[in-house]
Every structure is written in structure tokens, then in C-alpha cells.
Amino acid sequence: MAAEGLEKLTEVPVEFFKDGSAFVKKCQKPNEKEYLKIIRAVGIGFLMMGVVGYAVKLVHIPIRYLIEGRDMRLMIEVGLLILLLFFSSYR
């Protein structure tokens with residue numbers, strides 16, 4: 001009875017290992033065209049995440065200043081400074 005339970009317990013990892021090694025044997029390295037496509041997709045993803053993060057930060061700063069009740073002029077100066085830094089990095 002205990003041996004039967006032990007057999008069931010070891011069956012799943014052994015089967016997983018067999019399936020995994022069969023999958024790895026079927027896999028092949030990407031050729032140059034596929035590799036460049038992957039690099040391009042990852043690069044675009046990084047760029048999009050950066051733009052989204054920047055946009056969220058750009059919107060968050062003025063809202064934070066409005067919630068805290070700080071001077072509106074200071075909020076505008078900070079926003080303009082961020083825009084200046086953003087566009088100056090693209091030269």
C-alpha cells in the first residue's frame with residue numbers, strides 16, 4: 001500500500017521530465033531572421049513600457065501637486081522641466 005502511494009508520487013515528476021526532454025529534443029535554434037524578429041519585438045516592448053511609464057509619471061506629478069495643494073506655478077515649472085529633459089534626450 002505504501003509502495004503504491006510512493007509510485008504515484010514519483011510518477012508525475014518522471015513523466016514531466018520525459019515530456020520536457022522530448023520537447024527540448026524537438027526544439028531548434030532560431031535562424032538569423034527569427035532571431036532579429038525576436039530582438040525587434042523585445043525592443044519595441046521595452047520602448048512601449050518606457051513610454052507608458054513616462055506618461056504615467058508625467059500625469060502623476062501634476063495630480064500629486066494638486067492633491068497636496070502646492071503652488072500651480074511650481075507644478076507647471078516641474079512639468080516643463082520634465083518635458084525639456086524628455087525631448088533633449090532625443091537629440
Side-chain angles (χ1 to χ4, degrees):
M1 191 130 179
E4 192 175 296
L6 184 62
E7 185 179 311
K8 283 185 179 181
L9 186 65
T10 60
E11 184 179 324
V12 174
V14 169
E15 191 67 30
F16 178 77
F17 182 75
K18 285 181 183 177
D19 291 343
S21 54
F23 175 75
V24 169
K25 287 178 185 175
K26 289 180 184 179
C27 291
Q28 60 183 358
K29 288 185 178 180
N31 60 24
E32 186 178 350
K33 184 178 179 183
E34 292 170 333
Y35 187 69
L36 290 175
K37 195 181 232 185
I38 292 168
I39 290 174
R40 189 176 299 125
V42 170
I44 289 172
F46 271 107
L47 185 66
M48 288 172 58
M49 291 301 291
V51 168
V52 168
Y54 181 77
V56 167
K57 185 70 172 178
L58 194 62
V59 169
H60 176 263
I61 290 173
I63 291 173
R64 186 183 66 185
Y65 280 121
L66 287 174
I67 291 172
E68 290 177 358
R70 292 193 180 175
D71 187 16
M72 185 64 97
R73 192 181 88 211
L74 179 63
M75 178 188 70
I76 293 171
E77 289 174 0
V78 169
L80 290 175
L81 179 64
I82 290 172
L83 284 174
L84 178 67
L85 291 173
F86 177 73
F87 287 114
S88 67
S89 65
Y90 282 107
R91 287 187 186 188

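Positions are given from 1 along the sequence.
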I'd like a table of donor-acceptor pairs (distance under 3.5 Å, sequence neighbours excluded) in which one partner is a side-chain atom from residues 16-34, with atom names and distances.
from, atom 1, to, atom 2, distance (Å)
S21, OG, F17, O, 3.0
S21, OG, K18, O, 3.0
N31, OD1, K33, N, 3.2
N31, OD1, E34, N, 2.9
E34, OE1, N31, N, 3.1

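- Surrounding OH of Y35 are at most 12 heavy atoms belonging to other residues, nucleotides or ligands under 6.0 Å away.
- Cluster annotation: F46 and I38 are assigned to the same hydrophobic cluster (Ile/Leu/Val/Met/Phe/Trp/Tyr, side-chain heavy-atom contacts under 4.5 Å, transitive).
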